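First comes the structure, then the notes that go with it.
Keep in mind that the numbers below use all heavy atoms, side chains included, and drop hydrogens, waters and symmetry copies. Every chain is numbered from 1 and lettered A, B, ... according to where its sequence line falls, protein lines coming before strand lines. For clarity, every value in this text was computed on a predicted model and none was experimentally measured.
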2 protein chains.
Amino acid sequence: MQQLPTVEDVARVAGVSRQTVSNALNSPHIVKPETMTRVKAAIAELGYRPHASARRLRTRKSSTIGVRLDPMTNGISGSLLDRFLHALTEQAAERDLRIMLFTAQGPEGEIEEFRRLRDGADVDAFVLTSTMHEDPRTAWLRDHEFPFVTFGRPSAADDLGDPIHPWVDVDGFSGAEQATRHAIDGGARRVGYIGFDDDTTTARERRAGWAAESAARLGLGSAELDTLARAVVDGVPQGIAAASALLDLPNAPDALVCASDSLALGALMAAATLGRPGIPVVGYDNTPVAAAIGFSSVDQPLDLVAASALELLFGDSGSSIVARKHSAADPLYRLLTPTLVARTSTQLTHMEEPGSPVAGNHNER
Amino acid sequence: MQQLPTVEDVARVAGVSRQTVSNALNSPHIVKPETMTRVKAAIAELGYRPHASARRLRTRKSSTIGVRLDPMTNGISGSLLDRFLHALTEQAAERDLRIMLFTAQGPEGEIEEFRRLRDGADVDAFVLTSTMHEDPRTAWLRDHEFPFVTFGRPSAADDLGDPIHPWVDVDGFSGAEQATRHAIDGGARRVGYIGFDDDTTTARERRAGWAAESAARLGLGSAELDTLARAVVDGVPQGIAAASALLDLPNAPDALVCASDSLALGALMAAATLGRPGIPVVGYDNTPVAAAIGFSSVDQPLDLVAASALELLFGDSGSSIVARKHSAADPLYRLLTPTLVARTSTQLTHMEEPGSPVAGNHNER
DNA sequence: ACCAAGCATTTGAACGATCAAACCCCTGAA
DNA sequence: TTCAGGGGTTTGATCGTTCAAATGCTTGGT
């Protein structure tokens, strides 16, 4: 077990001093090019790596971001969280930042964890994937002026004009609008909607997007729209039930837009069972199940979400926290636009190949 | 912005020295109880928290575990990874350990990342969620004697007798066996099997479990078993195709055991389409989709997996790496047994409530 | 009365990096 | 000739903690 080389060792080999090595690493512009070369050579020769903890102790920065893993029930769900974590980890790596996970029981426990991570200089900032209304956690972070961003808008009440904290979100209005447009472009004249029954921004925005597009393109009034929409808890069985109800209407929809892929899957099943297997169904989140079965779905640009979150915390580049003030020109939030991934509308009994994206798909690997 | 308190501050308030405070924290047994009380009071009064980086610098331990996030395609997939990460984070918290994520492009990039994290004293050990054969990454870690565990056996060739590195896995043989037993207990006399066509331990073990139980309970020979089994790529469409083929056989199976919930979902769809909606289908991984639709599935005890991984690295308790040698009494691996979560066998067109587990279900929250 | 042994606590040094200030050397203006 | 200015580099101090060795106090055996 050999001793790891330190700045001192590098300095000796390069024939310079500690600090010059440090400068070569952290302030390249102030070292003479020729010296730089020697230092770099010495670093390569010894395989030197800065000791992260020593640096952190001195600089009081950790270059690490804490990410709270929600219990499954809240926040972004299922494989979306996977993909987001992946994207965040990759984007963070670009800036020489690392991701540290944490979790805890209950809000108090999490605040305790915030405190611990902050006081231990373990993290420079937090990324939260939850959007609870009046969340005591975000309140604590604000009160203690500790940098953080959320994936998801805090709530409807927190206006775009003066956000109470930085956030990144994906525009559900636009997503549902695109889904609806896709169905209409495919020939649909009455597009049904199956959404969530909770009182969240997400639920509201998506329904509004569907309603707006339906009204504009199909001339449907709000009473008529109400008959075409169902609000349920997320899940396959709920999708089956809601779709069955819609398709049994006297004036049934000829296409369905759903607020999740689970609901869409349920809708497809119901359609097959009710003898309407060809009816177009559009899902949301573009999960693997949508790709596997082959129905269209709205794709959230998770790597952009991740990049934007980091940008809000650390600026355009670099890895030091920047304090920001909200302004119209440089808002404290980022509202991103999703893209529809169009696939050949599928009958459940047939096997189809996954289709190709309509526009750039951010999540193809 | 007030200065955070240090050991020195605590020492002053408690009327003792630095080191005594340190001892109170790290070696409680060597401080006099009365002193202990005073120190504890001072800590509470000042709200003192040890500075993690300073401690790491001195002790050369980070109390942090690096977890490599695989690209989606490999390793444990989809929401399983979510659940595992969650479990790991929670188990780690119990031991005052933290989880740091990382990822990279290609094996070389990941090895570079290993080196970086090791040399920077960022992590004490790694947990990998991939099981590639002859993986250069695990080879590097072994060569450099850096502690790590994998979730998943390295490969069939790496025998239980002399594992080439520590691992935790869930017994696929037992899982498939239980699934098959469940089907037979429900009255099935010919249980079909839809598994993976890749040459992995997972694929082999699960098929073997199904075959063994079928042979033992139903007296089926290996030729007959071959006609009842299909090996495909994981995915819903593949499940549909394989199930359709099996159900179209002259001597068709009266139940289906599948190596994933995706395949099971496909099988259920095919069954519904072919007019056999009541046929029992058992899935694998107990993903949300199984719960939602209501079919039985084999549940992997992810929190046990996480706990076992930590145990292999850090011993029964504590947070310092323990070097282990493989022995029959104390093997370098943990093979865990999954449990079947039985649900009322579902016809796709009906809505059913999720059932309750047959045995303890580790993943209910 | 002496010293060995043990316990609880304290003191000085070290971990590996960066900060702040000092230093050296060169140039150019007075 | 002198000195101010500045780029490039070095030196001493420091971040907060734990290690290793030293200290003081008690106890008990001979």
Side-chain angles (χ1 to χ4, degrees), chain A residues 1-39 42-43 46-64 96 116-122 124 319-320, chain B residues 1-39 42-43 46-63 96 116 118-122 124 319-320:
Chain A
M1 199 62 161
Q2 65 185 357
Q3 197 73 337
L4 287 178
T6 73
V7 265
E8 203 84 45
D9 300 315
V10 175
R12 197 175 316 113
V13 170
V16 295
S17 71
R18 277 174 318 190
Q19 185 63 25
T20 300
V21 176
S22 174
N23 288 338
L25 244 39
N26 301 307
S27 319
H29 56 282
I30 69 167
V31 294
K32 201 155 60 173
E34 184 230 320
T35 315
M36 190 65 173
T37 319
R38 290 218 312 284
V39 173
I43 288 181
L46 298 178
Y48 165 79
R49 303 245 159 231
H51 193 290
S53 293
R55 172 180 285 170
R56 293 204 258 262
L57 171 59
R58 189 65 247 235
T59 61
R60 307 187 137 283
K61 314 213 136 162
S62 67
S63 297
T64 299
D96 278 313
R116 197 192 198 79
L117 290 167
R118 179 196 61 164
D119 292 351
D122 270 315
D124 291 340
S319 53
S320 324
Chain B
M1 199 60 163
Q2 68 186 357
Q3 197 74 337
L4 287 177
T6 74
V7 265
E8 204 84 45
D9 300 315
V10 175
R12 195 175 317 114
V13 170
V16 296
S17 72
R18 273 176 320 191
Q19 186 62 26
T20 300
V21 176
S22 174
N23 288 337
L25 244 38
N26 302 306
S27 318
H29 55 284
I30 69 167
V31 297
K32 201 154 61 175
E34 183 230 322
T35 315
M36 190 65 174
T37 320
R38 288 218 314 283
V39 173
I43 288 180
L46 297 178
Y48 165 79
R49 305 239 158 238
H51 193 288
S53 293
R55 170 178 287 171
R56 293 205 258 262
L57 171 60
R58 187 64 247 230
T59 61
R60 309 186 133 282
K61 316 214 137 164
S62 66
S63 296
D96 279 314
R116 199 193 196 79
R118 178 197 61 165
D119 293 351
D122 269 315
D124 291 340
S319 53
S320 326

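With sequence neighbours excluded, the residues satisfying salt bridge (charged side-chain N to carboxylate O under 4.0 Å, His left out) with A/Asp9 are A/Arg12. Taking B/Arg118 as the reference, nothing meets the salt bridge (charged side-chain N to carboxylate O under 4.0 Å, His left out) condition, with sequence neighbours excluded. Residues that satisfy the salt bridge (charged side-chain N to carboxylate O under 4.0 Å, His left out) test with B/Arg116, not counting sequence neighbours, are A/Asp96.
When all heavy atoms are compared, the tightest approach of B/Ala121 to A/His51 is CB-NE2, 3.3 Å.
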Per-nucleotide protein contact along nucleotides 5-15 of chain C, 5' to 3', at a 4.0 Å heavy-atom cut-off (B base, S sugar-phosphate only, - neither), is ---SSBBBBBB

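Counting heavy atoms from C-beta on, the side chains of B/Thr35 and B/Val16 come closer than 4.5 Å.
Not a single donor-acceptor pair under 3.5 Å links the side chain of A/Arg49 to the backbone N or O of B/Gly120.
The outermost nucleotides of DNA chain D lying under 4.0 Å from heavy atoms of chain A, listed 5' to 3', are D/dG8 to D/dG16.
Applying the salt bridge (Lys or Arg N to Asp or Glu O under 4.0 Å) rule to pairs touching residues 54-64 of chain A yields A/Arg56-B/Asp122, sequence neighbours excluded.
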